[in-house]
Undergrad: 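Please see the structure below; I have some questions.
The first residue in the sequence is number 1, and the count goes up from there.
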Amino acid sequence: QVQLVESGGGLVQAGGSLRLSCAASGRTFSDYAMAWFHRAPGKEREFVAAISWIGTNTYYADSVKGRFTISRDNAENTVYLQMNSLKPEDTAVYYCAASQRATGWDTAPSYAYWGQGTQVTVSS
């Protein structure tokens with residue numbers, strides 16, 4: 001089992017920045033690829049970004065490329081999502097997730113473990 005706890009959400013004006021954190025416990029953190037997904041009101045959960053086991057490779061949804069950066073600190077068992085130039089359409093609950101699969105990192109079924117989520121609200 002892997003336990004994931006997100007933090008860092010909040011209310012921010014458009015154009016602002018937030019940094020989300022996800023602390024992991026329970027298993028060897030570097031055994032897992034990590035990702036962030038979000039769910040906006042009335043919508044399905046969507047992929048935001050993913051990072052490989054030691055952080056060599058990163059992947060982003062087109063909607064966040066150039067604005068968001070995913071990173072991880074395996075010594076601290078934490079994955080981060082730096083969000084810059086935030087837009088009202090980024091408003092959602094953000095979830096971190098852990099996967100031991102080698103492919104499909106942009107799809108929710110690839111992830112066996114999920115956090116409870118943290119709310120991000122961007123005002124216009």
Undergrad: Would you give the length of the straight line joining atom CE of Met34 to atom CG of Asn77, rounded to the nearest 0.5 angstrom?
TA: 9.5 Å
Undergrad: Locate the shortest heavy-atom distance separating Ala108 from Trp114; write the atom from each residue and the value.
TA: O-CZ2, 3.5 Å
Undergrad: With Glu89, which residues qualify under side chain to side chain donor-acceptor pair (under 3.5 Å), at least two apart?
TA: none
Undergrad: Would you list the pairs meeting salt bridge (charged side-chain N to carboxylate O under 4.0 Å, His left out) in which at least one residue belongs to residues 19-32, sequence neighbours left out?
TA: none
Undergrad: Could you name each residue pair satisfying disulfide bond (SG atoms under 2.5 Å apart) that touches residues 13-111, not counting sequence neighbours?
TA: Cys22-Cys96
Undergrad: Would you say that Thr69 contacts Leu81 through its side chain, given a criterion of any heavy-atom pair below 4.5 Å between the two side chains?
TA: no
Undergrad: Got a donor-acceptor contact below 3.5 angstrom from the Thr28 side chain to the Ser30 backbone?
TA: no
Undergrad: Measure the shortest side-chain to side-chain distance between Arg72 and Tyr80 over non-hydrogen atoms and say whether it is less than 4.5 angstrom.
TA: no
Undergrad: For Thr58, enumerate each residue passing the side chain to side chain donor-acceptor pair (under 3.5 Å) test, keeping only those at least two apart in sequence or located in another chain.
TA: none
Undergrad: My understanding is that only residues two or more places apart in sequence, or in another chain, count here; which of them pass ring pair (Phe, Tyr, Trp, His ring centres under 6.0 Å) with Trp105?
TA: Trp53, Tyr59
Undergrad: Not counting sequence neighbours, which residues clear side chain to side chain donor-acceptor pair (under 3.5 Å) with Ser21? List them please.
TA: none
Undergrad: List the steps and the verdict of side chain to side chain contact (heavy atoms under 4.5 Å, CB included) for Thr121 and Val12.
TA: CA-CA 6 Å; Thr121 303; Val12 64; over 6 Å; no
Undergrad: Can you check whether Thr91 reaches Val120 side chain to side chain, under 4.5 Å on heavy atoms?
TA: no
Undergrad: Can you sort out the partners of Ser85 under side chain to side chain contact (heavy atoms under 4.5 Å, CB included), two or more places apart, ordered by chain and number?
TA: Arg67
Undergrad: So, using ring pair (Phe, Tyr, Trp, His ring centres under 6.0 Å) as the criterion, who are the partners of Phe29 when residues are at least two apart?
TA: none
Undergrad: For Asn84, give me all partners under side chain to side chain donor-acceptor pair (under 3.5 Å), at least two apart in sequence or on another chain.
TA: Ser17, Gln82
Undergrad: State which residues pass side chain to side chain contact (heavy atoms under 4.5 Å, CB included) with Val93; sequence neighbours excluded, sorted by chain then number.
TA: Tyr95, Gln119
Undergrad: Arg39: what forms a salt bridge (charged side-chain N to carboxylate O under 4.0 Å, His left out) with it, not counting sequence neighbours?
TA: none
Undergrad: What residues form a salt bridge (charged side-chain N to carboxylate O under 4.0 Å, His left out) with Lys65, not counting sequence neighbours?
TA: Asp62
Undergrad: Would you call Thr107 and Phe47 a side-chain contact if the rule is heavy atoms closer than 4.5 Å?
TA: no
Undergrad: Between Glu6 and Trp36, is any pair of side-chain heavy atoms under 4.5 Å apart?
TA: yes
Undergrad: What is the minimum heavy-atom distance between Gly104 and Ser110, and which atoms define it?
TA: O-OG, 2.6 Å
Undergrad: Is the closest side-chain heavy-atom distance between Leu20 and Met83 below 4.5 Å?
TA: yes
